[in-house]
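Okay, structure first, notes after.
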Amino acid sequence: MGNKFICMSKKDMKNGGIGSKSKRGGSISKRRSSMEEELLHRQALAMAIQQHQLSQRFDNNNGSMSRRIGSTSSRRRAAAATSSDPFSPSTTVKQLPEFLENIKTKKFVFVHGEGFGAWCWYKSIALLEENGLLPIALDLSGSGIDLTDIKDVNTLADYSKPLVDFLQKLPEDDKVILVGHSSGGACISYALEHFPEKISKAVYLCATMVSDGQKPFDVFAEELGSAELFSPESKSLIYGNGKDNPPTGFMFEKQHMHGLYFNQSPSKDVALAMVSMRPIPLGPMMEKLSLSSEKYGTGRRFYIQSLDDHALSPDVQEKLVRENPPEGVFKIKGSDHCPFFSKPQSLHKILLDIAQIA
């Protein structure tokens with residue numbers, strides 16, 4: 001991602017010593033706080049803009065972001081050591097730590113959830129790259145920097161096209177570890193059904209790990225209540241084909257997003273999300289998945305639960321695991337619906353643990 005947020009802590013902002021509790025000091029503190037918030041907002045905007053600019057240098061034939069998201073520091077070190085293209089894989093891949101040398105599948109493919117994009121994985125990308133692994137984050141159709149209009153994203157096949165294109169182009173003997181967040185879980189289930197031979201493991205991060213015949217939205221309906229969301233007065237619905245036709249997308253109001261998604265996330269990441277999130281195509285969320293025991297059923301699935309999640313509560317996640325048991329279940333304490341923001345180190349450790357499972 002390149003840009004780092006530089007936020008002064010309250011301790012750093014204190015004047016200290018004689019007069020620090022004076023009205024003048026309080027006024028200065030308020031002005032500094034206001035300036036800090038403005039700086040934070042500008043940095044979030046700059047990060048989103050830079051991400052778009054960098055993407056023009058990536059191989060974007062599939063509408064995907066490359067694995068270089070979030071690793072500007074490693075690129076700078078590589079650029080200093082060689083005059084070759086800093087975006088070349090040879091300049092970023094490091095020697096694996098000894099305990100990771102036996103990992104069979106080193107490629108991670110990250111699939112974002114509703115409203116998000118490849119940008120949301122920047123911390124996980126950087127941490128995995130630091131360990132010499134090969135992470136890639138994709139933009140699904142109509143998400144991130146993918147320019148598809150969501151009114152044209154009507155099916156799960158449409159929505160998952162960048163992921164499908166990526167998997168189709170993998171060498172015959174190549175496999176990846178798929179990681180899907182939230183509604184992105186439906187996309188990796190779709191991929192498991194169509195490309196089981198390309199997927200070493202599928203990791204559902206507080207995700208919609210639905211069963212055969214179930215719709216991704218069914219999972220959220222229990223938590224959010226579909227009646228209110230789809231009422232005529234709802235401000236969340238988007239009518240891309242006009243009010244006389246069914247809605248084509250939805251987008252939670254910003255004041256609701258914080259409580260649902262980011263109740264434990266750092267303010268800088270919330271600011272980034274507020275300027276980067278996009279409306280969600282409704283069609284794919286309402287489609288029933290067709291999953292077979294011969295294909296999807298042979299996949300190795302793992303589930304990561306977030307225990308302070310307000311969008312997909314721990315009870316709902318437990319129900320998903322109970323009804324569609326994966327090979328392994330991991331839990332992250334103190335994480336909201338976005339562990340890649342709120343608990344990146346905990347998520348990173350679990351991903352390494354899953355990668356090492358024989």
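Just so it is clear, the values below take in all heavy atoms, side chains as well, and ignore hydrogens, waters and symmetry mates. The residues of the chain are indexed from 1 along the displayed sequence.
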Item to complete: Scan side-chain atoms only and decide if Asp336 and Ser342 contain a donor-acceptor pair under the 3.5 Å cut-off.
Response: yes
Worksheet item: Do the charged groups of Glu327 and Arg300 touch, with an N to O distance under 4.0 Å?
Response: yes
Worksheet item: Is there a side-chain contact between Pro196 and Ile199 (heavy atoms, below 4.5 Å)?
Response: no
Discussion item. Less than 4.5 Å apart, side chain to side chain, heavy atoms only: is that true for Arg278 and Phe116?
Written reply: no
Discussion item. Using every non-hydrogen atom in the two residues, find where Val203 and Ile188 come nearest and quote the distance to one decimal.
Written reply: O-CD1, 3.4 Å
Discussion item. One thing to verify: whether Asp174 and Lys107 come together as a salt bridge, which I'm taking to mean a side-chain N less than 4.0 angstrom from a carboxylate O.
Written reply: yes
Worksheet item: Which atoms form the tightest heavy-atom contact between Gly334 and Asp308, and what is the distance?
Response: C-CB, 4.2 Å
Worksheet item: Has the side chain of Asp149 got a donor or acceptor atom that lies under 3.5 Å from a matching backbone atom of Asp152?
Response: no
Worksheet item: Among all residues two or more places apart in sequence or in another chain, which pass the side chain to side chain donor-acceptor pair (under 3.5 Å) test with Ser200?
Response: Thr105
Worksheet item: Heavy-atom distance under 4.5 Å between the side chains of Val321 and Pro326, does that happen here?
Response: yes
Discussion item. Using every non-hydrogen atom in the two residues, find where Pro281 and Met285 come nearest and quote the distance to one decimal.
Written reply: O-CG, 3.6 Å
Worksheet item: Any chain of hydrophobic side-chain contacts (each under 4.5 Å) joining Phe220 to Leu307?
Response: no
Discussion item. Go through it in stages, so that I can follow the logic: the residues are Leu178 and Lys201, the test is side chain to side chain contact (heavy atoms under 4.5 Å, CB included), and I'd like the CA-CA distance, side-chain angles, deciding distance and then a yes or no.
Written reply: CA-CA 6 Å; Leu178 282 187; Lys201 294 163 187 170; over 6 Å; no
Worksheet item: If you group Ile, Leu, Val, Met, Phe, Trp and Tyr by side-chain heavy-atom gaps below 4.5 Å, do Phe108 and Leu127 land in one group?
Response: no
Worksheet item: Could you give the distance from NZ (Lys343) to OG (Ser265), rounded to the nearest 0.5 Å?
Response: 11.0 Å
Discussion item. Quick one: does any side-chain atom of Glu193 pair with a main-chain N or O of Lys295 as donor and acceptor, under 3.5 Å?
Written reply: no
Item to complete: Using ring-ring contact (aromatic ring centres under 6.0 Å, His included) as the criterion, list what pairs up with His348, not counting sequence neighbours.
Response: none
Discussion item. With side chain to side chain contact (heavy atoms under 4.5 Å, CB included) as the criterion, how do Lys288 and Gln214 come out once you've worked through the C-alpha distance, each side chain's angles and the decisive distance to 0.1 Å?
Written reply: CA-CA 5 Å; Lys288 292 182 179 180; Gln214 190 177 12; over 6 Å; no
Worksheet item: Which is it for Ile354 and Ile304 under the side chain to side chain contact (heavy atoms under 4.5 Å, CB included) test, yes or no, and what are the steps along the way?
Response: CA-CA 10 Å; Ile354 292 173; Ile304 303 176; 4.3 Å; yes
Discussion item. If the test is ring pair (Phe, Tyr, Trp, His ring centres under 6.0 Å), which one of Phe110, Tyr261, Phe340, Tyr204 qualifies with His181?
Written reply: Phe340
Worksheet item: If we only count heavy atoms from C-beta on, is the Leu133 to Glu129 side-chain gap below 4.5 Å?
Response: no
Worksheet item: Is the closest side-chain heavy-atom distance between Pro339 and Cys206 below 4.5 Å?
Response: yes
Worksheet item: Are Asp269 and Lys123 ion-paired here, with the side-chain N under 4.0 Å from a carboxylate O?
Response: yes
Discussion item. Looking only at the side chains, is there a donor atom on one of Glu318 and Tyr303 sitting less than 3.5 Å from an acceptor on the other?
Written reply: no
Discussion item. Less than 4.5 Å apart, side chain to side chain, heavy atoms only: is that true for Met277 and Trp119?
Written reply: yes
Item to complete: For His258 and Lys254, indicate whether the former's side chain and the latter's backbone hold a donor-acceptor pair under 3.5 Å.
Response: no
Discussion item. Determine whether a donor-acceptor pair (N or O, by modelled atom type, separation under 3.5 Å) exists between the side chain of Asp158 and the backbone of Val153.
Written reply: no
Discussion item. Strictly below 4.0 Å, N to O, side chains only: are Lys169 and Asp165 in salt-bridge contact?
Written reply: no
Fill in: Pair Ser236-Glu253, side-chain donor/acceptor within less than 3.5 Å
no
Discussion item. Under a 3.5 Å cutoff, is there a donor and acceptor pairing between the side chains of Ser313 and Asp315?
Written reply: no
Worksheet item: Is a side-chain donor or acceptor of Lys161 paired with a backbone partner of Ser141 at a separation under 3.5 angstrom?
Response: no
Item to complete: Enter the distance from Asn263:CG to Cys338:SG here, rounded to the nearest 0.5 Å.
Response: 9.0 Å
Worksheet item: Nearest 0.5 Å, what's the OH-CZ distance between Tyr190 and Phe195?
Response: 7.5 Å
Worksheet item: Between atom CZ of Phe341 and atom CG of Leu272, what is the distance when rounded to the nearest 0.5 Å?
Response: 5.5 Å
Worksheet item: Side chains of Asp146 and Ser143: do they bring a donor and an acceptor to under 3.5 Å?
Response: no
Item to complete: Kindly indicate whether the side chain of Val219, heavy atoms from C-beta on, has any atom under 4.5 Å from the side chain of Leu320.
Response: yes
Worksheet entry | Separation between CG of Leu205 and CZ of Phe302, rounded to the nearest 0.5 Å | 14.5 Å
Worksheet entry | Student check: side-chain heavy atoms of Tyr159 and Cys187 closer than 4.5 Å | yes
Discussion item. How close do Ile357 and Phe330 get, counting heavy atoms only, and between which atoms?
Written reply: CD1-CZ, 4.3 Å
Item to complete: Please report the closest heavy-atom contact between Asn324 and Ser211, naming both atoms and the distance.
Response: CB-OG, 3.8 Å
Discussion item. Quick check for you: to the nearest 0.5 Å, what is the distance between His112 atom NE2 and Leu163 atom CG?
Written reply: 10.0 Å
Worksheet item: Just by modelled atom types, is the Gly240 backbone N or O under 3.5 Å from a matching donor or acceptor in the Thr248 side chain?
Response: yes
Item to complete: Work out which heavy atom in Lys198 is nearest to a heavy atom in Leu167; give both atom names and the distance.
Response: CE-O, 3.8 Å
Worksheet item: If you measure only the distance, is there a donor-acceptor pair under 3.5 Å linking the side chains of Ser182 and His337?
Response: yes
Item to complete: For Ile177 and Val109, run side chain to side chain contact (heavy atoms under 4.5 Å, CB included): C-alpha distance rounded to whole Å, both residues' side-chain angles, the deciding distance at 0.1 Å, then the answer.
Response: CA-CA 6 Å; Ile177 296 174; Val109 177; over 6 Å; no
